[in-house]
Amino acid sequence: MSAKHPIIAVTGSSGAGTSTSSLAFAHMFQQENIKASFIEGDSFHRYTRPEMDVAIRKAREQGRHISYFGPEANDFELLENFFQDYGRDGSGKYRRYLHSFDEAVPYNLMPGTFTPWQDIDAGTDLLFYEGLHGGVATKDNNVAKHVDLLIGMVPIVNLEWIQKLVRDTEDRGHSREAVTDSIVRSMDDYINFITPQFSRTHINFQRVPLVDTSNPFSATTIPTLDESLVVIRFQSVKNIDFPYLLTMIDGSFISGINTLVVPGGKMALAMELICAPLIRQLLVEGKIS
Ligand SMILES: Nc1ncnc2c1ncn2[C@@H]1O[C@H](COP(=O)(O)OP(=O)(O)OP(=O)(O)O)[C@@H](O)[C@H]1O
Ligand SMILES: O=C(CO)[C@H](O)[C@H](O)COP(=O)(O)O
C-alpha cells in the first residue's frame, strides 16, 4: 500500500476485458485531472512468443504444462518489485509486449516481442495496471499487498473464452485450434494463480451473458453489452452509496448483500460512478476505507 503513490490494478484472465476497462479509467483520470501511468501486465511475461513456443514444447516433453497464467512464464518478482518501487517513490521501468503487427510495426519490431525497458513518466499521481496478475500472491511473491484499489474483471467463463477466441483469432493472428489448446493448457494455472485473485479484490465486475453461450468454442461473435448484465460485488469497500447508484443507473437492482446488478450497457457508467469517489479518496486520504 502507498499513500503517496497509489496503485490501482484491474486484474483478470486473458480476454476478460481488462484492456477494455482501461478506457473507463482513462476517462475518469481525464475528468479528475489525474496524471496516471498506464501499465500492461503482459510486460512481465518472461518470454517472447518464439521463446514461449520452445518453453511449451520442452514442458510438454517433460509431461508438464506451462502457460501465460503461471509464474514460469511471468516474472512475479519483477512485478512485485515494480509495484514496490512505484509505491515508494513513483519510479519504475516498463515495456510493452506487442501482440499484433498493428502494435509492432510502429516500433519496427515483430509481433510477439517486447519493446525495450524504459522509465515511466516522472511525477505521475498514480499507477494504473491492467493485466493478469495485479492481485497475485504466492509463497514467494505478494503482488496484491502493494495495490491500493484492486478490481477484478471476471466474465462468466464461457463468455471469457468467447472473448479470447474471437479477439485472438481476429486481432492476434492465432488459429482457433491454437487458442483452444492454450485454454486447455492454462487450466491448472488458471485455478492456482488467476481465480484466487478475485477473493482479494475490493470489487469484482462479472459480465453475464443473456444469450446462449453453451458452446463457446463454436462462437464467432462476442455477445454485446446489451446482451448482458454485469454483477458487481463489493468485497472490501465500505460506505457504498447504493441508493445513489440505484437512482443513477437505470435498470440496476440489488441481487444480494453487497451485490449490485446493472445492464451491460451501463457497465462503464457504473465503473465510473463507483470508482471515481474511491480514487478521489485514495488521492486525498492515501487509502480506501
Ligand atoms: N464489456 C465488453 N463487452 C463486449 N466486448 C468486450 C467487453 N470487454 C471486452 N470485450 C471484448 O473482448 C475481447 C477481449 O477484451 P480485452 O482485450 O479488453 O481483454 P484483456 O483482458 O485485456 O485480454 P489480454 O489480457 O489477453 O490482453 C476484445 O475483443 C474486447 O473488445
Ligand atoms: O493476452 C495474453 C495474456 O494476457 C496472451 O495470452 C499473452 O500475452 C500471449 O500473447 P500471444 O499468444 O499473442 O503471443
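Just follow the structure's listing: the first ligand is 1, and inside any ligand the first atom is 1.
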Item to check | K35 versus T124, side-chain donor and acceptor atoms under 3.5 Å | outcome: no

Next on the checklist: How far is atom 1 (O) of ligand 2 from the closest protein heavy atom, and which atom is that?
Outcome noted: R172 NH1, 2.9 Å

Next on the checklist: Geometry only, no angles: is R207 polar-contacting ligand 1 at N/O separations under 3.5 Å?
Outcome noted: yes

Checklist entry - Centres of the F44 and F76 rings: under 6.0 Å? => result no

Checklist entry - Can you tell which part of S21 has a heavy atom less than 4.0 Å from ligand 1: side chain, backbone, both or neither? => result neither

Item to check | Residues, nucleotides or ligands: over 12 heavy atoms within 6.0 Å of D250 CG | outcome: no

Item to check | Nearest non-hydrogen protein atom, atom 9 (C) of ligand 2 | outcome: Y68 CE1, 3.2 Å

Checklist entry - Can an N or O of G15 be found at a distance shorter than 3.5 Å from an N or O of ligand 1? => result yes

Checklist outcome for this item: Looking only at protein heavy atoms, what sits closest to atom 27 (O) of ligand 1 is R172 NH2, 2.9 Å

Checklist entry - What atoms in ligand 2 come closer than 4.0 Å to a heavy atom of D42? => result 1 (O), 2 (C), 3 (C), 4 (O), 8 (O)

Checklist entry - For ligand 2, which atoms, with element, lie under 4.0 Å from some heavy atom of R49? => result 11 (P), 13 (O), 14 (O)

Checklist entry - Salt bridge between D168 and R172, side-chain N to carboxylate O under 4.0 Å? => result yes

Checklist entry - In ligand 1, which numbered atoms sit nearer than 4.0 Å to a non-hydrogen atom of L225? => result 1 (N), 2 (C), 3 (N)

Checklist entry - Among the heavy atoms of E227, does any lie under 4.0 Å from an atom of ligand 1? => result no

Item to check | Protein heavy atom at shortest distance from atom 11 (P) of ligand 2 | outcome: H174 NE2, 3.5 Å

Item to check | is_close_aromatic(F217, W161), centroid dist under 6.0 Å | outcome: yes

Item to check | Note: E160-R207 ion pair, threshold 4.0 Å (strictly below) | outcome: no

Checklist entry - Aromatic ring centroids of Y129 and F83 under 6.0 Å? => result yes

Checklist entry - For atom 19 (O) of ligand 1, what is the nearest protein heavy atom, given as residue, atom name and distance? => result G17 N, 3.1 Å

Checklist entry - Is E160 touching ligand 1 with its side chain, its backbone, both, or neither, if touching means heavy atoms under 4.0 Å apart? => result neither

Next on the checklist: List ligand 1 atoms under 4.0 Å from I222, heavy atoms only on the residue side.
Outcome noted: 5 (N), 11 (C), 12 (O), 29 (O)

Next on the checklist: Quick check on contacts: which atoms of ligand 1 are under 4.0 angstrom from a heavy atom of T20?
Outcome noted: 8 (N), 9 (C), 15 (O), 16 (P), 18 (O), 30 (C)

Next on the checklist: Would you say the rings of Y47 and Y97 are close, in the sense that their centroids are separated by under 6.0 Å?
Outcome noted: no

Checklist outcome for this item: protein heavy-atom neighbour closest to atom 2 (C) of ligand 2 works out as S14 OG, 3.5 Å

Review item, side-chain donor-acceptor pairs of residues 269-276, under 3.5 Å, at least two apart:
{"from": "E272", "atom 1": "OE1", "to": "H27", "atom 2": "ND1", "distance (Å)": "2.9"}
{"from": "E272", "atom 1": "OE2", "to": "H27", "atom 2": "ND1", "distance (Å)": "2.9"}

Next on the checklist: Can you name the atoms of ligand 1, numbered from 1 with element, that are less than 4.0 Å from a heavy atom of S13?
Outcome noted: 21 (O)

Item to check | Ligand-side contact atoms (ligand 2) for residue partner H45, heavy atom cut-off under 4.0 Å | outcome: 7 (C), 8 (O)

Checklist entry - What's the shortest distance from atom 14 (O) of ligand 2 to any protein heavy atom, and which residue and atom give it? => result Y97 OH, 2.5 Å

Item to check | Those atoms of ligand 2 less than 4.0 Å from some heavy atom in L132 | outcome: 3 (C), 4 (O)

Checklist entry - Taking only heavy atoms of A16, which atoms of ligand 1 are found under 4.0 Å from at least one of them? => result 19 (O), 21 (O)

Next on the checklist: Ignoring hydrogens and geometry beyond distance, is a side-chain donor-acceptor pair present between D226 and T224 at under 3.5 Å?
Outcome noted: no

Checklist entry - Would you say T224 and ligand 1 have an N/O pair spaced under 3.5 Å apart? => result no

Item to check | Short N or O distance, S14 and ligand 1, threshold 3.5 Å exclusive | outcome: yes

Item to check | R185/D181 ion pair, N-O < 4.0 Å | outcome: yes

Item to check | Side-chain donor-acceptor contact under 3.5 Å, Q235 with R233 | outcome: yes

Next on the checklist: Set out, in order, the CA-CA distance, both residues' side-chain angles and the distance that settles salt bridge (charged side-chain N to carboxylate O under 4.0 Å, His left out) for R46 and E72, then state yes or no.
Outcome noted: CA-CA 8 Å; R46 284 187 202 274; E72 258 191 274; over 6 Å; no

Checklist outcome for this item: re atom 7 (C) of ligand 1, the protein heavy-atom contact at minimum distance is Q163 OE1, 3.7 Å

Checklist entry - Is it true that the side chains of D171 and S100 contain a donor and an acceptor less than 3.5 Å apart? => result no

Next on the checklist: Pairing donors with acceptors under 3.5 angstrom, does anything connect the side chains of D125 and H5?
Outcome noted: no

Item to check | Taking atom 10 (O) of ligand 2 as the reference point, the nearest protein heavy atom with its distance | outcome: H99 CD2, 3.3 Å

Checklist entry - Hey, does R167 come in under 3.5 Å of ligand 1, counting only N/O atoms on both sides? => result yes

Checklist outcome for this item: For K164, the atoms of ligand 2 under 4.0 Å from one of its heavy atoms are 6 (O)

Checklist entry - What is the distance from atom NE2 of H146 to atom CG of D85, rounded to the nearest 0.5 Å? => result 9.5 Å

Checklist entry - What part of H133, side chain from CB on, backbone N/CA/C/O, both or neither, has a heavy atom under 4.0 Å from ligand 2? => result neither

Checklist entry - Quick one: does R167 get an N or O within less than 3.5 Å of an N or O on ligand 2? => result no

Checklist entry - Can you tell me which residue and heavy atom of the protein come closest to atom 22 (O) of ligand 1, and the distance to 0.1 Å? => result S19 OG, 2.4 Å

Next on the checklist: Is it the case that the ring center of F128 lies less than 6.0 angstrom away from the ring center of F38?
Outcome noted: yes

